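First comes the structure, then the notes that go with it.
Each ligand, and each atom within it, is numbered from 1 in the order the structure gives. Predicted model, so just to flag it, every value in this text is computed and none were measured.
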Amino acid sequence: MTEQPAGQPSTKYKRVLLKISGEALMGDQGYGLHPPTVERIAREVKTVHDMGVEICMVIGGGNIFRGLQGSAQGVERTTADYMGMLATVMNALAMQGALETIGIHTRVISAITMNEVAEPYIRRRAVRHLEKKRVCIFAAGTGNPYFTTDTAATLRANEMSCEAIFKGTKVDGVYDKDPAKHDDAVRYDRITYDDVLAKHLGVMDASAIALARDNDLPIIVFSLDEPGGFKTILAGQGTYTIVS
Ligand code: UDP
C-alpha cells in the first residue's frame, strides 16, 4: 500500500502514468486548447496526487496537429511528425500551467531538446522528480517520427517503472463496438493484450499494446469525463477496463 496523507483513500498504486489525447483538452471546440477543460483535468490529477501517488503524464497533440493528417495535406511525413511532436509540447505547457496554478509542482520533460522551454529527458532525473512528488509531463512523444504518443506513454511508463498506464478517454472502458454508435455495445471488464490486437479494438496503437504486453504493463481504460473518475479507480472502485 502506498502511504497517503491522512484522510485519503488508500491505493495499491505507487506510481502511474496518465495518458490523454490532445483532443481531451479541446473541450467542444474542435481544435486547440479549452482552458476550463485543461483546468478540470488538472484538478482530477490533483485528487490523485493528494493520495500520495507519483504521477507521470503523456498528452497527445491531435487537438493541434497530427503527422498523418499533415502528410495527407502535402507536408512531408517526417516533418509533419515533428510538427505533431511540437504540438504535444504546447499541450504539456498548458497542463503544467494549470497544475502549478493549483499548487502541484510539475516538470515538462521533452524528448526533443529545447532547454529554454522544457527539461531534456534524463531518466534518472525524471525518477528523482517523481520521488519528490513532482508531476512529470513527458512531451514531444518518443522524439522519433512514425510513432505516436501512445507508444511514448508505454515507453516512459516502462522506463519510470510505473505500475500501470491509465488511459483517460471519453468512455468508461473498452467496448466490443463503438458505444456512441451502437446501443448494444458491451464493455469488457478485463481483456488481454492479444484480444485487443486481434479484435482491432483501438485502445492504443498496436506498437504501444505490444510494448505493454511484452513488459506486463497493465493498461486501465477509463472515462476522464466522469468527475472524480481517476481518483475513484485509483481507490479500487469505479468502472473501467483493464488490459493485461
Ligand atoms: N508523434 C511522433 N512521434 C512520437 C509521438 C508523436 O511523430 O513519438 C507525432 C505524430 O505525428 C502524431 C502527433 O505527434 O500524430 C501527435 O501525437 P498523437 O497522434 O499520438 O496525439 P493524440 O492522438 O494522442 O492526441
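E163 and R15 are not joined by a salt bridge, as no carboxylate oxygen comes within less than 4.0 angstrom of a charged side-chain nitrogen. Between D225 and R40 there is a salt bridge, with a side-chain nitrogen of the basic residue lying less than 4.0 Å from a carboxylate oxygen of the acidic one. Looking at K199 and D176, no side-chain N of the basic residue comes within less than 4.0 Å of a carboxylate O on the acidic one, giving no salt bridge. No salt bridge links R123 with E159; every basic N to acidic carboxylate O contact stays at or beyond 4.0 Å. A salt bridge between K231 and D50 is absent, with no side-chain N of the basic residue lying under 4.0 Å from a carboxylate O of the acidic one.
Ligand-side atoms of ligand 1 in range of G60: 21 (O), 22 (P), 24 (O), 25 (O), range being under 4.0 angstrom from any heavy atom. If you number the atoms of ligand 1 from 1 as listed, the ones under 4.0 Å from a heavy atom of G62 come out as 21 (O), 22 (P), 25 (O). The contact set between ligand 1 and R66, taken as ligand atoms under 4.0 Å from a residue heavy atom, comprises 15 (O), 19 (O), 22 (P), 23 (O), 25 (O). Short contacts between ligand 1 and S21, defined as distances under 4.0 Å to a heavy atom of the residue, involve ligand atoms 24 (O), 25 (O). Per-residue contacts place T142 under 4.0 angstrom from the following atoms of ligand 1 (heavy atoms of the residue considered): 4 (C), 8 (O). Short contacts between ligand 1 and P145, defined as distances under 4.0 Å to a heavy atom of the residue, involve ligand atoms 7 (O).
For the 3.5 Å distance criterion, the side chains of S207 and D205 qualify, holding a donor opposite an acceptor.
At a heavy-atom cutoff of 4.0 Å, ligand 1 is contacted by no atom of K167, backbone or side chain. Contacts between N144 and ligand 1, counted as non-hydrogen atom pairs separated by less than 4.0 Å, involve the backbone only. Counting heavy atoms closer than 4.0 Å to ligand 1, residue A152 contributes nothing at all.
Selection from T88, T149, I59, D205 by nearest heavy atom to atom 20 (O) of ligand 1 gives T149. In the candidate list G141, G67, G84, G67 is nearest to atom 15 (O) of ligand 1, counting heavy atoms.
Using 4.0 Å as the threshold, K19 has a heavy atom nearer than that to some atom of ligand 1.
Minimum interatomic distance between A111 and G143 (heavy atoms only, all atoms of both residues): CB-N, 3.6 Å. Minimum heavy-atom separation, A153 to K19: CB-CD, 3.9 Å.
By the 30° and 60° cut-offs, the orientation of the rings of F230 relative to F222 is parallel.
At least one N or O atom of G61, backbone or side chain, sits closer than 3.5 Å to an N or O atom of ligand 1. The shortest N/O to N/O separation between A140 and ligand 1 does not fall below 3.5 Å. Checked by distance only, ligand 1 and E23 stay at 3.5 Å or farther apart across all their nitrogen or oxygen atoms. Between Y82 and ligand 1, not a single N/O pair is under 3.5 Å apart.
Going from atom OG1 of T78 over to atom CG of N144 covers 10.5 Å, rounded to the nearest 0.5 Å.
Closest protein heavy atom to atom 1 (N) of ligand 1: F147 O, 3.3 Å. The nearest protein atom to atom 10 (C) of ligand 1, hydrogens excluded, is given as D81 OD1, 3.4 Å; this is a heavy-atom distance. Protein heavy atom in closest approach to atom 5 (C) of ligand 1: T148 C, 3.4 Å.
Considering E54, E119, H105 as possible partners of H129, the one that fulfils the side-chain hydrogen bond (donor to acceptor under 3.5 Å, both in side chains) test is E119.
Residue-environment remark: NZ (K170) stays at or below the threshold of 12 foreign heavy atoms within 6.0 Å.
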